[in-house]
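Some notes on the structure that comes next.
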Amino acid sequence: MLIFFQKKQGKSPMGLLKEELKKRTGTQKSIHLSDEEKGIIGHINRETKGWNLNNVTRTKAYLDFYRQHPEIHWAFLGHMVSRNGGWNMTDLKGEILSRLLPDREKHFFFSFLERGNWLIFQDAYPQFLIYRESLKRNKPLFFLFPFLNISVFMETVWSCFWRKPDLYLLTIALIINEQSYLEKRVIQNPKYKQVFHKLEFKLQELLSLNHILFPYEKNGVTHMKGQTLNHFESLHERILLGKKLYDVLFKDKEVLALTEQWAYARPHTGSRKDYWPHIFNDVHEGMPGEQYQFQLKSCQLRPGGRRIYSPSLETAWKNVSQPEAESGDWFRDFHVLEYFLELDDMINGEIQHAYCKTLERLELAALAKKAVWN
């Protein structure tokens, strides 16, 4: 693990972080904001709202910030995961799942994905903007976090990061924070529970939501790394997945550079055509009402096969006006500090074969016209 505090302080990084958290939790400080500070908060709220229109705008905002501040690794990790969120949204209106799901369930499941994507952005992006404003003024402004409903956990981590930057610890902290932030607001929210359980027990093997793909191009051929999540309901498993995805994306410098190049060259549209235009198209090539035919074999089109319809987000879904985020700080105890330990196992990120098998299962279900939602 990278060193977060100076060794001369005589305490372990986790010991010092715990000490700082203890200082900040359970104490209510009355802060009177200056007009300048109120202006900063107002500007951040407006900018965040402006980018938080839909999955495409959020995904672009993450990448734009990362290009300006590559030291904030989570911005690129968030960008790539958000691309996957967009692909899952458009899958619901794509050629295969449209044959498997009734319209009501498509809309209900989209609302589940969209709410989570919206919530993470409105929590994470203001943190980035506060960091940017701190750099401009050459002084930390993280004391403004409570006025943006950001957890005391992240206020503490960013304050320590400002004193002595540790890219690994900041990234893991953001992973912990965003998944913990979603837990009660989405995963445990009664409004979405029925969607979630149907996803777990009926769509787990069909919908590619459980595959997170990081495409990149090498020698003119598109490859992909990633990970598969099998227990979405578990906060522990989602945090571990985030750590594994971070390893996959950032530990291999060649993969990182190639994935960055791919992302910069291909603006996110929500269509899976973005990474496999030889298999997917954002224009429907079939005839209305025709029976589905096998198109793929080992992630290649069969002779005479046509590309699978994968619409852009703009085509698939209208923008949604979201209610305000539920208030409250998720941080309650210090057990989350255990997640800062680095993973013991090497993560190779091989996923292409598993993803191809998922596509084959989807095709089989579509061919059989087998409804997976009763």
Side-chain angles (χ1 to χ4, degrees), residues 48 50-66 74-98 101 106-125 178 182 186 192 195 199 203 206-216 222 224-229 232 238 241-242 245 249 259-260 262-277 279-284 307-322 351 355 358-359 362:
T48 301
W51 285 108
N52 207 0
L53 296 176
N54 55 53
N55 170 266
V56 169
T57 56
R58 293 170 206 132
T59 307
K60 181 182 187 309
Y62 287 140
L63 188 61
D64 289 349
F65 184 86
Y66 178 71
W74 190 96
F76 189 58
L77 177 63
H79 166 79
M80 294 303 298
V81 173
S82 189
R83 280 189 183 248
N84 281 265
W87 295 331
N88 289 320
M89 291 175 187
T90 60
D91 282 346
L92 297 167
K93 291 289 189 76
E95 183 165 6
I96 297 179
L97 285 184
S98 285
L101 299 178
K106 292 175 196 171
H107 284 82
F108 208 20
F109 189 54
F110 168 73
S111 71
F112 169 81
L113 294 172
E114 171 68 7
R115 182 62 174 173
N117 202 243
W118 183 91
L119 280 168
I120 286 179
F121 186 85
Q122 67 86 41
D123 182 71
Y125 198 65
E178 299 315 331
L182 286 184
V186 176
Y192 299 110
V195 179
L199 164 67
L203 292 179
L206 291 176
L207 187 62
S208 54
L209 174 72
N210 54 349
H211 296 314
I212 307 296
L213 311 176
F214 296 155
Y216 62 94
T222 300
M224 58 179 65
K225 295 281 189 178
Q227 285 287 288
T228 300
L229 175 63
F232 191 81
R238 295 198 314 274
L241 175 71
L245 290 171
L249 201 53
T259 308
E260 289 172 342
W262 181 89
Y264 296 149
R266 291 166 181 80
H268 176 58
T269 71
S271 171
R272 292 189 182 271
K273 179 184 178 182
D274 289 352
Y275 62 88
W276 269 354
I279 289 178
F280 298 102
N281 196 2
D282 54 5
V283 176
H284 205 308
R307 289 178 292 179
I308 298 169
Y309 177 54
S310 176
S312 66
L313 187 79
E314 182 181 32
T315 301
W317 299 103
K318 295 180 180 178
N319 293 347
V320 177
S321 179
Q322 293 284 344
I351 199 170
Y355 176 57
T358 294
L359 288 180
L362 279 165

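When a residue number appears, it is its place in the shown sequence, counting from 1.
In this structure the side chain of T59 never reaches within 4.5 angstrom of the side chain of L63, judged on heavy atoms. For the pair W87 and D274, the minimum side-chain heavy-atom distance is below 4.5 Å. For the pair Q227/F214, no side-chain contact is recorded, criterion being any heavy-atom separation below 4.5 Å from C-beta on. Looking at heavy atoms from C-beta onward, K93 lies in side-chain contact with P311 at the 4.5 angstrom threshold.
A cation-pi arrangement is absent between K60 and W51 under the rule of less than 6.0 angstrom and at most 45 degrees off the ring axis.
A distance of 6.0 Å or more separates the ring centres of Y309 and F280.
R272 and D282 are not joined by a salt bridge, as no carboxylate oxygen comes within less than 4.0 angstrom of a charged side-chain nitrogen. The pair R58-E114 counts as a salt bridge, with a side-chain nitrogen and a carboxylate oxygen less than 4.0 angstrom apart.
Interatomic distance, S111 OG to Y192 OH, rounded to the nearest 0.5 Å: 5.0 Å. The line from CG of L119 to CG of N52 is 8.5 Å long, rounded to the nearest 0.5 Å. Rounded to the nearest 0.5 Å, atoms CD (Q122) and CG (N117) are 11.5 Å apart.
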Stepwise side-chain hydrogen bond (donor to acceptor under 3.5 Å, both in side chains) check, T228 with H211: CA-CA 5 Å; T228 300; H211 296 314; 2.9 Å; yes
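Ring geometry for F76 against Y66 counts as parallel: the plane angle stays under 30°, on a 0 to 90° scale with 60° as the upper cut.
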